[in-house]
Amino acid sequence: MTLLKCRNLTLGYGNKNVVENLDYEIHSGDYLCIIGKNGCGKTTFLRGLAGVLRPRAGKIDLCENLKRKEIGYLPQMTTTQKDFPASVEEIVLSAFQGKSLLLPFYGKSLRKRASECLELTRTENLRKECFRELSGGQKQRVLLARALCAAERLLLLDEPVTGLDPESSQNMYNIIKNLHENRNMTIVMVTHDVEAAQKHATRMLNFNEIVQ
Amino acid sequence: MLDKLFFYLDFPFVRYAIIVGTLISLCSSLLGVTLVLKRYSYIGDGLSHVAFGALAIAAVLKVSNNMLIILPVTIAVAILLLCGSKDSRACVKIRGDAAIAMVSAGALAMGYLLMNIFSSSANVAGDVCTTLFGSMSILTLKPTDVYLCMILSATVLVIFILFYHKIFAITFDENFARATGVNVSAFNLLIAIIIAVIIVLAMNLVGALLVSALIVFPSLSAMRIFKSFFSVTIAAAVISVICSLTGILVAILAGTPVGSTIVAADILVFFISYITSFIRNGRM
Ligand SMILES: Nc1ncnc2c1ncn2[C@@H]1O[C@H](COP(=O)(O)OP(=O)(O)OP(=O)(O)O)[C@@H](O)[C@H]1O
Ligand SMILES: [Mg+2]
């Protein structure tokens with residue numbers, strides 16, 4: 001069963017195409033790992049899938065009634081600013097905004113979900129902290145918690161373990177595996193950790209072969 | 001002193017000024033946080049000059065209510081500048097700052113030119129000074145102006161409260177918001193319109209040149225002290241309202257220009273918060 005379908009997809013910046021005429025399907029229940037050397041276009045592809053970058057040509061179809069609000073996304077580099085005042089809790093809760101909430105309050109169930117995700121990434125003790133004052137790895141874990149909150153059917157992860165200590169990255173792999181096996185989450189993960197990718201993934205995509 | 005104050009409060013125009021001042025400073029500080037964080041402060045400044053140019057056009061055309069011209073023109077320019085990048089999805093880039101400087105200085109120059117050529121009033125320089133620096137114009141508001149201002153700022157407030165979390169999500173991380181299904185383009189459009197409305201309203205209070213001070217100072221002060229978006233928003237609103245009320249009252253009692261007195265109060269609070277954060281952290 002196809003969940004995401006790229007047809008003749010072309011992505012790029014300025015006057016340069018990074019991904020050209022790509023046909024690819026991601027199936028529901030996949031644990032897809034994307035590998036490839038620096039600058040070969042993995043992040044660009046994921047940004048395309050996430051709808052952050054508009055395709056130059058071609059299309060990305062969301063199949064099986066998949067909605068954007070059911071997608072969780074962990075960007076590689078956070079575009080957030082150094083002096084942005086925001087608490088960890090505010091950031092994680094903002095993951096629910098795709099579900100078109102109009103109310104100025106978050107309900108109990110959403111708050112509970114946010115707490116669970118903070119606990120999974122072991123950041124619940126940071127809840128009231130100021131995001132800009134966290135360490136790089138702590139920030140990464142908070143943003144992962146935000147991605148987990150938003151993800152219901154599909155999780156797009158761009159180098160989720162980069163910057164994490166060994167224990168945290170092991171924990172991260174366990175969380176992702178658990179989501180994949182028990183909650184039937186489809187995973188698309190960009191990684192340089194080929195060993196772990198081969199261990200966990202059900203499919204691999206080598207981007208070096210796609211972009212020449 | 002107090003006697004004098006109560007004496008003035010008996011006049012309806014003073015009460016109008018206080019109501020309008022509170023509402024406008026509330027709205028401008030709320031959206032000011034977003035404007036500062038999105039690095040759009042200089043667009044706000046440019047827009048206030050555009051509003052001045054539109055005001056000159058309205059004066060030349062002698063329309064019954066110059067809001068009819070100022071509002072649509074400012075909103076249109078705001079949409080062009082804030083949402084105008086060709087492909088807003090590819091790394092959002094607003095048009096270069098040169099374009100904004102051009103629009104802003106151009107509008108100012110054309111506005112002054114128009115006022116000079118077509119004005120029937122004997123004191124053109126005085127009129128221009130009034131629109132640029134607000135002078136006493138807030139004390140000459142007509143009841144219709146007050147109602148219009150109240151309706152517009154109430155609308156802005158309601159929209160802000162309803163969409164507060166959406167505005168936060170988009171301001172913090174536009175890409176993530178888009179990836180998870182928030183209609184970012186629509187909200188950017190909404191924010192642009194609201195900002196234009198606030199700038200036009202604020203022009204009545206402090207004058208075209210001082211609008212950005214009203215928008216930027218309270219949020220910068222709040223950001224020095226508070227660390228979550230919610231507390232910064234609330235603090236900015238409180239600071240802004242207190243400064244505006246103080247400014248208006250001092251201006252009435254001491255006979256100083258309203259706009260610059262309000263901005264002076266804002267600057268004072270900014271220095272206090274700067275020093276507070278300096279002492280607390282032992283550094284910047
Ligand atoms: N915002 C941008 N503007 C212009 N070019 C870009 C931009 N982002 C990436 N590129 C270019 O697109 C190409 C692919 O970049 P991309 O970030 O997708 O690589 P990647 O495979 O994710 O690399 P890494 O392993 O280092 O994360 C690179 O050549 C890069 O120079
Ligand atoms: Mg990358």
Side-chain angles (χ1 to χ4, degrees), chain A residues 11-14 46-56 62 66-75 77-81 83-91 93-106 110 128-133 143 146-147 149-152 154 156, chain B residues 30 33-34 36-40 85-93 157-187 219-236 273 277 281 284:
Chain A
L11 295 167
Y13 308 93
L46 214 66
R47 282 162 61 88
L49 293 183
V52 174
L53 194 66
R54 187 177 291 172
R56 284 280 173 75
L62 304 186
L66 177 69
K67 300 271 179 355
R68 283 258 166 240
K69 65 178 182 196
E70 297 167 322
I71 301 178
Y73 173 53
L74 176 74
M77 276 205 297
T78 47
T79 47
T80 54
Q81 306 138 11
D83 53 352
F84 200 106
S87 72
V88 166
E89 191 173 28
E90 285 178 316
I91 290 169
L93 280 169
S94 76
F96 299 121
Q97 282 309 313
K99 301 179 171 51
S100 64
L101 299 168
L102 252 189
L103 292 174
F105 307 103
Y106 289 105
L110 290 184
K128 296 286 172 204
E129 295 290 310
C130 176
F131 183 75
R132 65 179 182 218
E133 290 169 359
L143 294 182
R146 179 182 68 165
C149 275
E152 274 166 28
L154 176 63
L156 304 171
Chain B
L30 290 180
V33 178
T34 307
V36 168
L37 288 173
K38 280 191 153 222
R39 300 282 184 270
Y40 284 171
S85 62
K86 250 187 291 169
D87 182 6
S88 58
R89 280 214 227 175
C91 295
V92 181
K93 276 202 193 87
L157 273 181
V158 170
I159 292 179
F160 184 83
I161 292 172
L162 281 183
F163 294 118
Y164 164 78
H165 289 291
K166 288 252 182 345
I167 292 175
F168 168 74
I170 292 170
T171 314
F172 180 71
D173 190 344
E174 197 170 295
N175 287 342
F176 181 86
R178 206 188 289 276
T180 51
V182 177
N183 191 344
V184 173
S185 318
F187 280 102
S219 9
L220 286 180
S221 309
M223 278 162 61
R224 284 259 147 222
I225 302 179
F226 292 95
K227 293 185 171 175
S228 75
F229 192 76
F230 183 71
S231 49
V232 166
T233 307
I234 299 288
S273 64
S277 75
N281 303 334
M284 293 251 304

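In what follows, every chain begins at residue 1, and chains take the letters A, B, ... in the order their sequences are listed. None of the values given here were measured: they were computed from a predicted structure.
- Contact of the I170(B) side chain with the Q97(A) side chain is not registered, since no non-hydrogen atoms from C-beta on lie closer than 4.5 Å.
- Between K67(A) and E152(A) there is no salt bridge, since no side-chain nitrogen of the basic residue lies less than 4.0 Å from a carboxylate oxygen of the acidic one.
- Nearest approach of A179(B) to V52(A), heavy atoms of both residues: CB-CG2, 4.3 Å.
- Note: S228(B) leads S228(B), G181(B), S231(B) in heavy-atom pairs under 4.5 Å with chain A.
- Using a 4.5 Å cut-off between heavy atoms, E70(A) makes no contact with chain B at all.
- For chain B, no part of L49(A) is nearby; none of its heavy atoms comes within less than 4.5 Å.
- Interface summary for chain A: among F168(B), F176(B), Y164(B), the most heavy-atom pairs under 4.5 angstrom belong to F176(B).
- Contact of A151(A) with chain B is not made at all, since no heavy-atom distance falls under 4.5 Å.
- Here the two rings, on F131(A) and F84(A), have centers that are 6.0 Å apart or farther.
- A donor-acceptor pair under 3.5 Å is absent between the side-chain atoms of K227(B) and the main chain of E129(A), judged by distance alone.
- At a 4.5 Å heavy-atom cutoff, the contact between F226(B) and chain A is made by backbone atoms alone.
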